[in-house]
Amino acid sequence: GLCLGYEDEKKNEKLPKPSLHAWPSSVVEAQSNVTLKCQAPFQNVTLVLYKVNDSGYKQEQISTENEAEFLFTDLKLKDAGSYFCAYKTTASHEWSESSKHLQLVITDKHDELEAPSMKTDTRTIFVAIFSCISILLLFLSVFIIYRCSQHGSLPEESTKRISHSKHSEQEATEADLSRMERVSVSTADPQGVTYTELNINALSEAASDTTHEPPGSHEYAAVKV
């Protein structure tokens with residue numbers, strides 16, 4: 001009875017956790033091989049390997065030793081993930097606690113080759129954008145300087161135009177005055193006698209001529225006043 005009681009207590013005891021390791025490394029390239037080793041503290045055990053978030057994944061081995069090797073060949077990207085293992089002894093019908101999770105990382109050579117090229121492309125795009133912005137700012141600065149210089153020269157040109165127009169008006173006024181003087185001089189008699197004086201002289205001469213005419217002469221001189 002004592003022996004049976006001892007065996008029942010031993011069966012009810014929780015088995016220690018196993019350990020899980022990856023060989024040669026937990027970070028491996030695609031299409032390569034890796035071995036996951038699950039070690040238990042007892043011999044003659046049944047070991048099982050599980051994958052987190054994949055309830056349909058299960059690998060089981062019975063070993064006379066205290067460990068089991070789970071070999072992965074021609075690794076695919078889908079093989080990556082988190083794994084853990086457990087065991088049970090021949091004397092126990094319950095599984096031990098799960099080992100710590102092992103993260104298996106699968107790297108792709110194609111991605112590794114593309115990564116530097118992507119960095120180079122990004123750097124080239126950045127340099128091209130920066131160059132375009134610099135050229136645009138340069139053209140904008142030149143345009144602003146040109147416009148400022150044009151606005152600065154406008155007052156001088158307007159002053160020159162105003163002075164030129166005033167000079168032209170002055171010349172036109174002087175030309176008109178000289179033209180009027182010529183007209184007034186041309187209309188005047190060279191001897192300084194006006195038309196009225198000429199008419200009066202003509203009348204006096206006509207009167208004197210009539211006094212010397214012989215009798216019977218009835219000719220008259222018509223003088224326009």
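Just so it is clear, the structure is predicted and the values come from calculations on it, not from any experiment. The figures that follow rest on heavy atoms only: side chains count, while hydrogens, waters and symmetry mates do not.
- Taking the side-chain contact (heavy atoms from CB on, under 4.5 Å) definition, one finds that I145 meets it with nothing, sequence neighbours left out.
- Shown here are the side-chain contact (heavy atoms from CB on, under 4.5 Å) partners of S98, two or more places apart in sequence or in another chain: F84.
- By the salt bridge (charged side-chain N to carboxylate O under 4.0 Å, His left out) test, K100 pairs with no residue at all, sequence neighbours left out.
- Looking at heavy atoms from C-beta onward, L75 lies in side-chain contact with V34 at the 4.5 angstrom threshold.
- Evaluation of the side-chain contact (heavy atoms from CB on, under 4.5 Å) rule for E97 yields K14, K17 as partners, not counting sequence neighbours.
- Considering CZ of F139 and OG of S134, their distance stands at 12.0 Å, rounded to 0.5 Å.
- Shown here is L140, whose CG atom has more than 12 heavy atoms of other residues, nucleotides or ligands within 6.0 Å.
- Two residues are said to be in side-chain contact when any heavy atoms from C-beta on lie closer than 4.5 Å; V105 and Q103 meet this criterion.
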Can you give me every donor-acceptor pair (side chain of residues 41-53, partner residue at least two apart or in another chain, under 3.5 Å) with its distance?
residue: K51; atom: NZ; partner: K78; partner atom: O; Å: 2.9
residue: K51; atom: NZ; partner: A80; partner atom: O; Å: 3.3

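- Scanning for salt bridge (charged side-chain N to carboxylate O under 4.0 Å, His left out) contacts around E69 gives K37, with sequence neighbours left out.
- Inter-residue side-chain proximity for V28 and I106 is flagged as met; some heavy-atom pair is nearer than 4.5 Å.
- The backbone N or O of T89 sits nowhere less than 3.5 Å from a side-chain atom of S92 that would complete a donor-acceptor pair.
- Ring planes of F72 and Y57: parallel class, angle under 30° (limits at 30 and 60°).
- Annotation: W23, atom CH2; neighbour count of heavy atoms from other residues, nucleotides and ligands within 6.0 Å does not exceed 12.
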